[in-house]
J.: 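First, the structure itself, so that you have it in front of you.
Here is the naming used below: chain letters follow the sequence lines, and residue numbers restart at 1 for every chain.
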Protein chains: 2
Amino acid sequence: MAARYIDIKNSLKQAILNNEYRVGDKIPSERELALHYDVTRVTLQKAMHVLEQEGFIERIHGKGMYVTKVIEDNVYLLNNGTSDSILGFSREFKNQVKVSSKLITLNKIAAGEYIAAQLDIHADADIHYIRRIRLVDNVPVLIEDSYIPCAVIASIPEAVLQKASLYEYIENKTGRKIKFYNSVIEAALFDETLSALLNIETGSPMLKVSGVTKLEDGKAFNYSISFNRADMFKIKNSWVGK
Amino acid sequence: MAARYIDIKNSLKQAILNNEYRVGDKIPSERELALHYDVTRVTLQKAMHVLEQEGFIERIHGKGMYVTKVIEDNVYLLNNGTSDSILGFSREFKNQVKVSSKLITLNKIAAGEYIAAQLDIHADADIHYIRRIRLVDNVPVLIEDSYIPCAVIASIPEAVLQKASLYEYIENKTGRKIKFYNSVIEAALFDETLSALLNIETGSPMLKVSGVTKLEDGKAFNYSISFNRADMFKIKNSWVGK
DNA sequence: TAGTGGTCTAGACCACCTG
DNA sequence: AGGTGGTCTAGACCACTAG
(Lines give C-alpha, C1' and ligand atoms only; values in the text may rest on other atoms or scores of the structure.)
Protein backbone atom coordinates (compact mmCIF):
# COMPACT_ATOMS: atom_id res chain seq x y z
CA MET A 1 0.00 0.00 0.00
CA ALA A 2 2.37 2.59 1.26
CA ALA A 3 5.47 3.58 -0.62
CA ARG A 4 8.40 1.22 -0.42
CA TYR A 5 10.77 3.86 0.88
CA ILE A 6 8.44 4.65 3.76
CA ASP A 7 8.35 0.99 4.74
CA ILE A 8 12.12 0.79 4.65
CA LYS A 9 12.46 3.95 6.70
CA ASN A 10 10.08 2.58 9.31
CA SER A 11 11.81 -0.74 9.35
CA LEU A 12 15.17 0.86 10.10
CA LYS A 13 13.60 3.28 12.55
CA GLN A 14 12.17 0.36 14.49
CA ALA A 15 15.53 -1.37 14.42
CA ILE A 16 17.09 1.71 15.97
CA LEU A 17 14.35 2.11 18.56
CA ASN A 18 14.74 -1.57 19.43
CA ASN A 19 18.44 -1.03 19.94
CA GLU A 20 19.42 -3.41 17.19
CA TYR A 21 21.62 -0.54 16.12
CA ARG A 22 22.94 1.53 18.97
CA VAL A 23 23.93 5.16 19.21
CA GLY A 24 27.09 5.81 17.27
CA ASP A 25 26.90 2.51 15.42
CA LYS A 26 27.60 2.51 11.75
CA ILE A 27 24.73 1.02 9.84
CA PRO A 28 25.20 -0.95 6.61
CA SER A 29 26.02 0.96 3.45
CA GLU A 30 23.43 2.10 0.95
CA ARG A 31 24.49 -0.62 -1.46
CA GLU A 32 24.15 -3.34 1.15
CA LEU A 33 20.78 -2.12 2.35
CA ALA A 34 19.49 -1.73 -1.20
CA LEU A 35 20.41 -5.33 -1.85
CA HIS A 36 18.83 -6.48 1.40
CA TYR A 37 15.54 -4.70 0.76
CA ASP A 38 15.69 -5.50 -2.93
CA VAL A 39 15.35 -1.94 -4.19
CA THR A 40 17.57 0.37 -6.16
CA ARG A 41 19.92 2.75 -4.45
CA VAL A 42 17.76 5.71 -5.40
CA THR A 43 14.80 4.30 -3.49
CA LEU A 44 16.92 3.36 -0.54
CA GLN A 45 18.42 6.83 -0.44
CA LYS A 46 14.98 8.34 -0.27
CA ALA A 47 14.31 6.28 2.83
CA MET A 48 17.60 7.29 4.38
CA HIS A 49 17.12 10.95 3.69
CA VAL A 50 13.84 10.84 5.55
CA LEU A 51 15.45 8.99 8.43
CA GLU A 52 18.13 11.65 8.55
CA GLN A 53 15.57 14.43 8.51
CA GLU A 54 13.77 12.77 11.38
CA GLY A 55 16.98 12.82 13.33
CA PHE A 56 17.71 9.11 13.64
CA ILE A 57 20.84 8.87 11.56
CA GLU A 58 23.63 10.99 10.25
CA ARG A 59 24.95 10.54 6.74
CA ILE A 60 28.58 11.37 6.20
CA HIS A 61 29.95 11.55 2.70
CA GLY A 62 32.72 9.04 2.12
CA LYS A 63 32.33 7.41 5.53
CA GLY A 64 28.89 5.99 6.07
CA MET A 65 25.70 6.32 8.05
CA TYR A 66 25.62 6.47 11.83
CA VAL A 67 22.92 6.27 14.47
CA THR A 68 22.40 9.65 16.11
CA LYS A 69 22.13 10.52 19.77
CA VAL A 70 18.81 9.30 21.06
CA ILE A 71 15.45 10.87 21.43
CA GLU A 72 16.45 12.36 24.80
CA ASP A 73 14.69 13.93 27.77
CA ASN A 74 11.38 12.23 28.13
CA VAL A 75 10.44 14.18 31.17
CA TYR A 76 9.47 17.05 28.98
CA LEU A 77 7.02 16.55 26.24
CA LEU A 78 8.11 17.61 22.86
CA ASN A 79 6.44 18.42 19.69
CA ASN A 80 8.72 18.65 16.74
CA GLY A 81 8.57 19.35 13.08
CA THR A 82 9.91 16.23 11.52
CA SER A 83 8.09 13.26 12.90
CA ASP A 84 5.51 11.14 11.19
CA SER A 85 2.60 12.47 13.11
CA ILE A 86 3.57 15.69 14.69
CA LEU A 87 0.36 17.30 14.42
CA GLY A 88 -2.20 15.93 16.73
CA PHE A 89 -1.49 16.27 20.36
CA SER A 90 -3.20 13.08 21.39
CA ARG A 91 -1.64 11.16 18.54
CA GLU A 92 1.81 12.02 19.65
CA PHE A 93 1.49 11.12 23.28
CA LYS A 94 -1.19 8.54 23.55
CA ASN A 95 1.20 5.71 24.13
CA GLN A 96 3.30 7.47 26.70
CA VAL A 97 1.01 9.25 29.10
CA LYS A 98 -2.68 9.72 29.74
CA VAL A 99 -3.87 12.61 27.64
CA SER A 100 -7.30 14.09 28.03
CA SER A 101 -9.15 17.20 26.98
CA LYS A 102 -11.64 19.51 28.56
CA LEU A 103 -13.89 21.39 26.20
CA ILE A 104 -14.29 25.04 27.17
CA THR A 105 -15.93 26.54 24.13
CA LEU A 106 -17.57 25.26 20.96
CA ASN A 107 -19.22 27.94 18.85
CA LYS A 108 -20.16 28.44 15.27
CA ILE A 109 -19.13 31.95 14.27
CA ALA A 110 -18.13 34.02 11.24
CA ALA A 111 -14.44 33.76 10.46
CA GLY A 112 -13.57 37.43 10.48
CA GLU A 113 -10.74 38.89 8.47
CA TYR A 114 -7.73 37.58 10.28
CA ILE A 115 -8.83 33.97 10.56
CA ALA A 116 -10.25 34.03 7.06
CA ALA A 117 -6.89 35.12 5.70
CA GLN A 118 -5.16 32.24 7.45
CA LEU A 119 -7.61 29.70 6.15
CA ASP A 120 -7.95 31.23 2.71
CA ILE A 121 -11.72 31.62 2.92
CA HIS A 122 -14.16 34.52 2.96
CA ALA A 123 -14.41 36.61 6.09
CA ASP A 124 -18.11 35.88 6.41
CA ALA A 125 -17.76 32.12 6.06
CA ASP A 126 -18.80 30.12 9.09
CA ILE A 127 -16.23 28.40 11.22
CA HIS A 128 -16.17 26.34 14.37
CA TYR A 129 -14.38 28.04 17.20
CA ILE A 130 -13.10 25.56 19.72
CA ARG A 131 -11.20 26.14 22.91
CA ARG A 132 -9.90 23.15 24.80
CA ILE A 133 -7.68 22.52 27.76
CA ARG A 134 -5.32 19.61 27.36
CA LEU A 135 -4.31 17.56 30.34
CA VAL A 136 -1.46 15.13 30.76
CA ASP A 137 -2.04 12.67 33.57
CA ASN A 138 -4.83 14.98 34.67
CA VAL A 139 -2.61 18.04 34.92
CA PRO A 140 -3.65 20.88 32.60
CA VAL A 141 -0.68 21.78 30.44
CA LEU A 142 -1.92 23.79 27.52
CA ILE A 143 -4.84 25.58 25.96
CA GLU A 144 -5.61 25.12 22.32
CA ASP A 145 -7.84 27.29 20.17
CA SER A 146 -8.94 25.87 16.84
CA TYR A 147 -10.71 27.52 13.95
CA ILE A 148 -12.19 25.08 11.47
CA PRO A 149 -14.27 26.02 8.42
CA CYS A 150 -17.76 24.54 8.49
CA ALA A 151 -17.30 23.93 4.78
CA VAL A 152 -14.73 21.27 5.58
CA ILE A 153 -16.52 19.66 8.49
CA ALA A 154 -20.20 20.47 8.97
CA SER A 155 -20.33 19.39 12.57
CA ILE A 156 -17.98 18.11 15.19
CA PRO A 157 -19.31 15.81 17.90
CA GLU A 158 -18.44 16.97 21.39
CA ALA A 159 -17.28 13.48 22.19
CA VAL A 160 -14.44 13.83 19.71
CA LEU A 161 -13.29 17.04 21.34
CA GLN A 162 -13.44 15.53 24.79
CA LYS A 163 -11.73 12.27 24.17
CA ALA A 164 -10.49 11.49 20.69
CA SER A 165 -8.05 13.00 18.24
CA LEU A 166 -9.57 15.75 16.17
CA TYR A 167 -7.09 15.10 13.39
CA GLU A 168 -7.92 11.44 13.17
CA TYR A 169 -11.61 12.28 13.13
CA ILE A 170 -11.09 14.70 10.27
CA GLU A 171 -8.85 12.33 8.33
CA ASN A 172 -11.51 9.66 8.62
CA LYS A 173 -14.44 11.97 7.92
CA THR A 174 -12.93 13.60 4.85
CA GLY A 175 -10.99 10.58 3.67
CA ARG A 176 -7.90 12.74 3.23
CA LYS A 177 -4.65 12.73 5.02
CA ILE A 178 -3.01 15.68 6.66
CA LYS A 179 -0.27 17.02 4.48
CA PHE A 180 0.97 20.38 5.62
CA TYR A 181 1.69 22.29 8.73
CA ASN A 182 3.05 25.79 8.77
CA SER A 183 3.62 27.12 12.19
CA VAL A 184 5.07 30.09 13.98
CA ILE A 185 6.61 29.67 17.38
CA GLU A 186 6.76 32.52 19.86
CA ALA A 187 7.36 33.08 23.53
CA ALA A 188 4.97 35.11 25.63
CA LEU A 189 3.49 35.35 29.11
CA PHE A 190 0.26 33.86 30.37
CA ASP A 191 -2.38 36.48 30.98
CA GLU A 192 -5.05 36.25 33.66
CA THR A 193 -7.63 34.40 31.62
CA LEU A 194 -5.32 31.72 30.35
CA SER A 195 -3.36 31.24 33.55
CA ALA A 196 -6.62 30.75 35.43
CA LEU A 197 -7.57 27.94 33.06
CA LEU A 198 -4.29 26.18 33.69
CA ASN A 199 -4.21 27.01 37.36
CA ILE A 200 -0.79 28.63 37.17
CA GLU A 201 0.56 32.05 37.99
CA THR A 202 -0.21 34.98 35.73
CA GLY A 203 3.00 36.06 34.04
CA SER A 204 4.40 32.56 33.71
CA PRO A 205 6.26 31.93 30.47
CA MET A 206 4.40 30.39 27.58
CA LEU A 207 5.42 28.79 24.33
CA LYS A 208 2.87 29.87 21.75
CA VAL A 209 2.53 27.88 18.58
CA SER A 210 0.16 28.94 15.85
CA GLY A 211 -0.29 27.43 12.47
CA VAL A 212 -2.38 26.24 9.61
CA THR A 213 -2.97 22.60 8.84
CA LYS A 214 -3.81 21.46 5.34
CA LEU A 215 -5.08 18.28 3.78
CA GLU A 216 -3.62 16.43 0.82
CA ASP A 217 -5.60 18.45 -1.66
CA GLY A 218 -4.12 21.67 -0.35
CA LYS A 219 -7.24 22.83 1.43
CA ALA A 220 -6.67 24.51 4.77
CA PHE A 221 -8.84 22.95 7.43
CA ASN A 222 -7.59 24.26 10.73
CA TYR A 223 -5.98 27.36 12.09
CA SER A 224 -4.86 26.75 15.61
CA ILE A 225 -3.07 28.50 18.41
CA SER A 226 -1.75 26.64 21.37
CA PHE A 227 -0.61 28.21 24.60
CA ASN A 228 1.83 25.86 26.25
CA ARG A 229 3.30 25.88 29.72
CA ALA A 230 6.97 26.64 29.12
CA ASP A 231 8.05 24.39 31.95
CA MET A 232 6.52 21.39 30.24
CA PHE A 233 7.15 21.90 26.56
CA LYS A 234 10.15 22.15 24.35
CA ILE A 235 10.36 21.93 20.62
CA LYS A 236 12.96 19.86 18.89
CA ASN A 237 14.05 21.08 15.55
CA SER A 238 16.55 19.46 13.28
CA TRP A 239 17.97 20.76 10.13
CA VAL A 240 20.10 19.12 7.49
CA GLY A 241 22.13 21.18 5.09
CA LYS A 242 22.04 21.55 1.31
CA MET B 1 30.09 23.46 -9.34
CA ALA B 2 27.05 23.07 -7.20
CA ALA B 3 24.51 20.39 -7.84
CA ARG B 4 22.12 20.97 -10.67
CA TYR B 5 19.02 20.63 -8.52
CA ILE B 6 20.27 23.31 -6.14
CA ASP B 7 20.75 25.70 -9.05
CA ILE B 8 17.27 25.00 -10.30
CA LYS B 9 15.79 25.47 -6.85
CA ASN B 10 17.56 28.81 -6.49
CA SER B 11 16.53 29.89 -9.94
CA LEU B 12 12.87 29.29 -9.19
CA LYS B 13 13.21 30.78 -5.73
CA GLN B 14 14.55 33.97 -7.25
CA ALA B 15 11.74 34.00 -9.77
CA ILE B 16 9.25 33.82 -6.90
CA LEU B 17 11.03 36.48 -4.87
CA ASN B 18 11.09 38.69 -7.97
CA ASN B 19 7.38 38.23 -8.33
CA GLU B 20 7.68 36.58 -11.70
CA TYR B 21 5.36 34.03 -10.14
CA ARG B 22 2.93 35.48 -7.68
CA VAL B 23 1.27 34.04 -4.62
CA GLY B 24 -1.30 31.47 -5.60
CA ASP B 25 0.02 31.19 -9.14
CA LYS B 26 0.39 27.80 -10.64
CA ILE B 27 3.91 27.22 -11.83
CA PRO B 28 4.73 25.07 -14.85
CA SER B 29 4.48 21.30 -14.49
CA GLU B 30 7.41 19.09 -13.63
CA ARG B 31 7.60 17.85 -17.17
CA GLU B 32 7.69 21.35 -18.62
CA LEU B 33 10.30 22.55 -16.15
CA ALA B 34 12.41 19.45 -16.70
CA LEU B 35 12.40 20.18 -20.41
CA HIS B 36 13.21 23.83 -19.83
CA TYR B 37 16.16 23.14 -17.54
CA ASP B 38 17.19 20.14 -19.60
CA VAL B 39 17.20 17.64 -16.77
CA THR B 40 15.23 14.52 -16.01
CA ARG B 41 12.09 14.65 -13.94
CA VAL B 42 13.86 12.98 -11.04
CA THR B 43 16.37 15.82 -10.79
CA LEU B 44 13.72 18.44 -11.20
CA GLN B 45 11.63 16.83 -8.49
CA LYS B 46 14.54 17.00 -6.11
CA ALA B 47 14.69 20.74 -6.67
CA MET B 48 10.97 21.10 -6.15
CA HIS B 49 10.95 19.07 -2.97
CA VAL B 50 13.54 21.37 -1.49
CA LEU B 51 11.60 24.40 -2.61
CA GLU B 52 8.51 22.94 -0.95
CA GLN B 53 10.40 22.24 2.25
CA GLU B 54 11.60 25.81 2.29
CA GLY B 55 8.02 26.93 2.12
CA PHE B 56 7.94 28.59 -1.29
CA ILE B 57 5.62 26.26 -3.12
CA GLU B 58 2.96 23.70 -2.46
CA ARG B 59 2.78 20.52 -4.48
CA ILE B 60 -0.65 19.04 -4.94
CA HIS B 61 -1.01 15.59 -6.38
CA GLY B 62 -2.97 15.58 -9.61
CA LYS B 63 -3.25 19.35 -9.76
CA GLY B 64 0.10 21.05 -9.87
CA MET B 65 2.49 23.27 -8.00
CA TYR B 66 1.49 26.59 -6.51
CA VAL B 67 3.33 29.53 -5.01
CA THR B 68 2.73 29.70 -1.27
CA LYS B 69 1.80 32.69 0.85
CA VAL B 70 4.81 34.93 1.13
CA ILE B 71 7.56 35.21 3.64
CA GLU B 72 5.35 37.44 5.80
CA ASP B 73 5.86 39.81 8.71
CA ASN B 74 9.19 41.43 8.18
CA VAL B 75 8.93 43.62 11.21
CA TYR B 76 9.91 40.67 13.28
CA LEU B 77 13.06 38.83 12.56
CA LEU B 78 12.76 35.20 12.04
CA ASN B 79 15.03 32.32 12.20
CA ASN B 80 13.64 29.16 10.81
CA GLY B 81 14.67 25.62 10.22
CA THR B 82 14.41 25.25 6.50
CA SER B 83 16.32 28.01 4.81
CA ASP B 84 19.65 27.82 3.08
CA SER B 85 21.60 29.55 5.74
CA ILE B 86 19.66 29.48 8.89
CA LEU B 87 22.50 29.22 11.11
CA GLY B 88 24.49 32.31 11.41
CA PHE B 89 22.74 35.31 12.74
CA SER B 90 24.67 37.81 10.69
CA ARG B 91 24.39 35.72 7.58
CA GLU B 92 20.65 35.73 7.72
CA PHE B 93 20.10 39.41 8.24
CA LYS B 94 23.04 41.19 6.79
CA ASN B 95 21.16 42.37 3.78
CA GLN B 96 18.13 43.61 5.61
CA VAL B 97 19.28 45.47 8.67
CA LYS B 98 22.45 46.55 10.37
CA VAL B 99 23.63 43.72 12.58
CA SER B 100 26.46 44.14 15.04
CA SER B 101 27.90 42.30 18.00
CA LYS B 102 29.33 43.25 21.31
CA LEU B 103 31.74 40.82 22.85
CA ILE B 104 31.14 40.31 26.57
CA THR B 105 33.24 37.28 27.37
CA LEU B 106 35.94 35.26 25.62
CA ASN B 107 37.55 32.60 27.78
CA LYS B 108 39.34 29.36 27.29
CA ILE B 109 37.96 26.86 29.79
CA ALA B 110 37.50 23.13 30.33
CA ALA B 111 34.31 21.85 28.77
CA GLY B 112 32.77 20.21 31.79
CA GLU B 113 30.39 17.29 31.61
CA TYR B 114 27.31 18.89 30.17
CA ILE B 115 28.96 20.80 27.37
CA ALA B 116 31.28 17.90 26.64
CA ALA B 117 28.29 15.61 26.17
CA GLN B 118 26.74 18.02 23.71
CA LEU B 119 29.92 18.32 21.69
CA ASP B 120 30.90 14.68 21.99
CA ILE B 121 34.30 15.43 23.48
CA HIS B 122 36.03 14.75 26.80
CA ALA B 123 34.98 16.76 29.83
CA ASP B 124 38.50 18.04 30.35
CA ALA B 125 38.99 19.16 26.76
CA ASP B 126 39.48 22.89 26.30
CA ILE B 127 36.81 25.00 24.73
CA HIS B 128 36.27 28.64 23.94
CA TYR B 129 33.44 30.17 25.91
CA ILE B 130 32.02 33.19 24.16
CA ARG B 131 29.24 35.48 25.22
CA ARG B 132 28.07 38.11 22.80
CA ILE B 133 25.26 40.59 22.61
CA ARG B 134 23.71 40.96 19.18
CA LEU B 135 22.30 44.25 18.06
CA VAL B 136 19.99 45.07 15.20
CA ASP B 137 20.19 48.67 14.13
CA ASN B 138 22.07 49.27 17.37
CA VAL B 139 19.33 47.86 19.57
CA PRO B 140 20.41 44.85 21.61
CA VAL B 141 18.06 41.98 20.84
CA LEU B 142 19.66 38.79 22.00
CA ILE B 143 22.50 37.23 23.93
CA GLU B 144 24.35 34.29 22.51
CA ASP B 145 26.63 31.91 24.36
CA SER B 146 28.87 29.70 22.26
CA TYR B 147 31.03 26.77 23.29
CA ILE B 148 33.60 25.80 20.68
CA PRO B 149 36.23 23.08 21.08
CA CYS B 150 39.77 24.39 20.80
CA ALA B 151 40.52 21.22 18.86
CA VAL B 152 38.38 22.52 16.01
CA ILE B 153 39.56 26.11 16.08
CA ALA B 154 42.69 26.92 18.01
CA SER B 155 42.02 30.60 18.31
CA ILE B 156 39.31 33.02 17.36
CA PRO B 157 40.23 36.63 16.60
CA GLU B 158 38.22 39.11 18.57
CA ALA B 159 37.55 41.02 15.41
CA VAL B 160 35.54 38.13 14.05
CA LEU B 161 33.40 38.08 17.14
CA GLN B 162 32.82 41.80 17.00
CA LYS B 163 32.04 42.22 13.38
CA ALA B 164 31.99 39.19 11.15
CA SER B 165 30.10 35.94 10.96
CA LEU B 166 31.59 33.28 13.16
CA TYR B 167 30.19 30.58 10.93
CA GLU B 168 31.74 31.99 7.82
CA TYR B 169 35.04 32.31 9.61
CA ILE B 170 34.90 28.68 10.64
CA GLU B 171 33.82 27.47 7.24
CA ASN B 172 36.75 29.29 5.70
CA LYS B 173 39.23 28.27 8.38
CA THR B 174 38.38 24.59 8.36
CA GLY B 175 37.50 24.38 4.71
CA ARG B 176 34.30 22.53 5.58
CA LYS B 177 30.74 23.56 5.24
CA ILE B 178 28.15 23.53 7.97
CA LYS B 179 25.93 20.54 7.65
CA PHE B 180 23.80 19.99 10.70
CA TYR B 181 21.87 21.87 13.25
CA ASN B 182 19.90 20.23 16.00
CA SER B 183 18.14 22.69 18.20
CA VAL B 184 15.72 22.81 21.06
CA ILE B 185 13.40 25.75 21.43
CA GLU B 186 12.00 26.80 24.78
CA ALA B 187 10.30 29.75 26.38
CA ALA B 188 11.57 31.28 29.59
CA LEU B 189 11.91 34.59 31.41
CA PHE B 190 14.89 36.92 31.40
CA ASP B 191 16.69 36.92 34.73
CA GLU B 192 18.48 39.92 36.19
CA THR B 193 21.83 39.31 34.57
CA LEU B 194 20.54 38.81 31.08
CA SER B 195 17.89 41.50 31.18
CA ALA B 196 20.52 43.99 32.30
CA LEU B 197 22.61 43.17 29.25
CA LEU B 198 19.69 43.83 26.93
CA ASN B 199 18.41 46.75 28.91
CA ILE B 200 14.95 45.31 29.32
CA GLU B 201 12.79 44.41 32.29
CA THR B 202 13.60 41.38 34.37
CA GLY B 203 10.85 38.83 33.84
CA SER B 204 10.29 39.66 30.18
CA PRO B 205 9.57 36.66 28.01
CA MET B 206 12.45 35.03 26.17
CA LEU B 207 12.72 32.56 23.34
CA LYS B 208 15.63 30.30 24.14
CA VAL B 209 17.24 28.31 21.37
CA SER B 210 20.01 25.87 22.07
CA GLY B 211 21.69 23.53 19.70
CA VAL B 212 24.69 21.83 18.25
CA THR B 213 26.15 22.70 14.90
CA LYS B 214 28.16 20.19 12.93
CA LEU B 215 30.42 20.30 9.92
CA GLU B 216 30.25 18.12 6.82
CA ASP B 217 32.41 15.45 8.35
CA GLY B 218 30.01 15.04 11.24
CA LYS B 219 32.21 16.77 13.80
CA ALA B 220 30.40 18.99 16.29
CA PHE B 221 32.01 22.40 16.43
CA ASN B 222 29.64 24.60 18.37
CA TYR B 223 27.15 24.27 21.15
CA SER B 224 25.23 27.48 21.47
CA ILE B 225 22.42 28.95 23.49
CA SER B 226 20.70 32.11 22.44
CA PHE B 227 18.41 34.16 24.60
CA ASN B 228 16.11 36.12 22.38
CA ARG B 229 13.73 38.95 23.15
CA ALA B 230 10.33 37.42 22.60
CA ASP B 231 8.93 40.64 21.25
CA MET B 232 11.44 40.61 18.42
CA PHE B 233 11.79 36.99 17.44
CA LYS B 234 9.53 34.36 16.08
CA ILE B 235 10.42 31.06 14.54
CA LYS B 236 8.85 29.84 11.38
CA ASN B 237 8.54 26.15 11.00
CA SER B 238 7.13 24.30 8.09
CA TRP B 239 6.43 20.69 7.80
CA VAL B 240 5.49 18.59 4.82
CA GLY B 241 3.87 15.22 5.26
CA LYS B 242 4.75 11.74 4.03
C1' DT C 1 42.92 2.25 -4.00
C1' DA C 2 38.54 0.53 -2.34
C1' DG C 3 34.42 1.89 -0.25
C1' DT C 4 31.15 5.32 0.81
C1' DG C 5 27.55 8.77 -0.03
C1' DG C 6 25.92 12.53 -3.85
C1' DT C 7 24.09 13.31 -8.21
C1' DC C 8 22.04 12.27 -12.56
C1' DT C 9 19.91 9.85 -16.69
C1' DA C 10 15.98 7.86 -19.54
C1' DG C 11 12.84 5.65 -19.22
C1' DA C 12 8.24 3.28 -16.78
C1' DC C 13 3.97 2.68 -14.24
C1' DC C 14 0.83 4.29 -10.63
C1' DA C 15 -2.52 7.49 -8.11
C1' DC C 16 -4.95 11.59 -8.19
C1' DC C 17 -7.64 15.55 -10.24
C1' DT C 18 -10.43 17.82 -13.63
C1' DG C 19 -13.34 18.38 -17.43
C1' DA D 1 -9.16 10.92 -21.13
C1' DG D 2 -5.41 13.77 -20.46
C1' DG D 3 -2.48 16.04 -17.39
C1' DT D 4 -0.40 16.23 -12.93
C1' DG D 5 2.55 14.70 -9.11
C1' DG D 6 4.46 10.05 -6.66
C1' DT D 7 7.29 6.18 -6.97
C1' DC D 8 10.64 3.12 -8.87
C1' DT D 9 14.23 0.80 -11.90
C1' DA D 10 19.11 -0.20 -13.58
C1' DG D 11 22.40 1.56 -14.61
C1' DA D 12 26.49 5.57 -14.56
C1' DC D 13 29.91 8.89 -12.98
C1' DC D 14 31.58 12.07 -9.37
C1' DA D 15 33.42 13.59 -4.63
C1' DC D 16 34.88 12.37 -0.36
C1' DT D 17 37.26 9.34 3.33
C1' DA D 18 40.27 6.07 4.73
C1' DG D 19 44.18 2.91 5.05
J.: Check whether any side-chain nitrogen or oxygen of A/Ser29 sits under 4.0 Å from OP1 or OP2 of C/dT4, and answer yes or no.
T.: yes
J.: Ignoring backbone atoms, test whether A/Tyr5 places a side-chain nitrogen or oxygen under 4.0 Å from the OP1 or OP2 oxygen of D/dC8.
T.: no
J.: Is B/Arg4 touching bases, backbone alone, or none of the nucleic acid, heavy atoms closer than 4.0 Å?
T.: sugar-phosphate
J.: Return yes if some donor-acceptor pair links the side-chain N/O of A/His36 with the main-chain N/O of A/Pro28 below 3.5 Å, else return no.
T.: no
J.: Taking only side-chain N and O atoms of B/Thr43, does any of them lie within less than 4.0 angstrom of OP1 or OP2 on C/dT9?
T.: yes
J.: In whole angstroms, how far is the C1' atom of D/dC16 from the CD atom of A/Glu30?
T.: 13 Å
J.: What I want to check is whether an N or O donor and acceptor connect the side chain of B/Arg31 with the base of D/dG5 at under 3.5 Å.
T.: yes
J.: Select one nucleotide: of D/dG5, D/dG11, C/dG11, the one nearest the side-chain heavy atoms of A/Val42.
T.: D/dG11
J.: Just so I know, are the side chains of A/Arg132 and A/Ser146 near enough to count as touching, which here means a heavy-atom distance under 4.5 Å?
T.: yes
J.: If I compare all heavy atoms of B/Tyr223 with all of B/Ser210, which pair ends up nearest, and what's the gap?
T.: OH-CB, 3.8 Å
J.: May I have the distance from A/Asp7 (atom CG) to D/dG6 (atom P), rounded to whole angstrom?
T.: 18 Å
J.: May I ask you to evaluate whether B/Lys63 reaches the phosphate of C/dC16, defined as a side-chain N or O under 4.0 Å from OP1 or OP2?
T.: no
J.: What's the CD-P distance between A/Glu58 and D/dT17, to the nearest Å?
T.: 14 Å
J.: Check this one for me: any side-chain N or O of B/Lys46 less than 4.0 Å away from OP1 or OP2 of C/dT7?
T.: yes
J.: Let me know the distance between NZ of A/Lys26 and P of C/dT4, rounded to the nearest Å.
T.: 6 Å
J.: Does any nucleotide pair with D/dG19 by Watson-Crick or G-U wobble geometry, both distances under 3.5 Å, and what is it?
T.: none
J.: Is B/Arg176 near enough to D/dT17 that one of its side-chain N or O atoms lies under 4.0 angstrom from OP1 or OP2?
T.: yes
J.: Taking the minimum atom-to-atom distance to the side chain of B/Gln45, which one of D/dT7, D/dC8, D/dT4 wins?
T.: D/dT7
J.: Do other residues, nucleotides or ligands put more than 12 heavy atoms under 6.0 Å from A/Asp38 CG?
T.: no
J.: Within less than 4.0 Å of OP1 or OP2 of C/dG5, is there a side-chain N or O belonging to A/Arg41?
T.: no
J.: OP1 or OP2 of D/dT4 less than 4.0 angstrom from a side-chain nitrogen or oxygen of B/Arg59, does that happen here?
T.: no
J.: Starting from C1' on D/dA18, measure out to NE2 on A/His61 and report it in whole angstrom.
T.: 13 Å
J.: Using heavy atoms to find the nearest nucleotide of DNA chain D for A/Leu44 and B/Asp217 separately, return the residue whose nucleotide is more 5′.
T.: A/Leu44
J.: How close or far is atom P of C/dT4 from atom CG of A/Leu35, stated in whole angstroms?
T.: 12 Å
J.: Between atom NZ in B/Lys219 and atom P in D/dT17, what is the gap in whole Å?
T.: 11 Å
J.: Which is true for B/Met48 with a 4.0 Å heavy-atom rule: it touches a base, it touches only sugar-phosphate, or it touches nothing?
T.: nothing
J.: Tell me: CD1 of A/Ile6 to C1' of C/dA15, nearest whole Å?
T.: 15 Å
J.: Under 3.5 Å, is there a donor-acceptor pair between the side chain of B/Lys26 and the main chain of B/Lys63?
T.: yes
J.: Do the side chain of B/Arg4 and the main chain of B/Tyr37 share a donor and acceptor less than 3.5 angstrom apart?
T.: yes
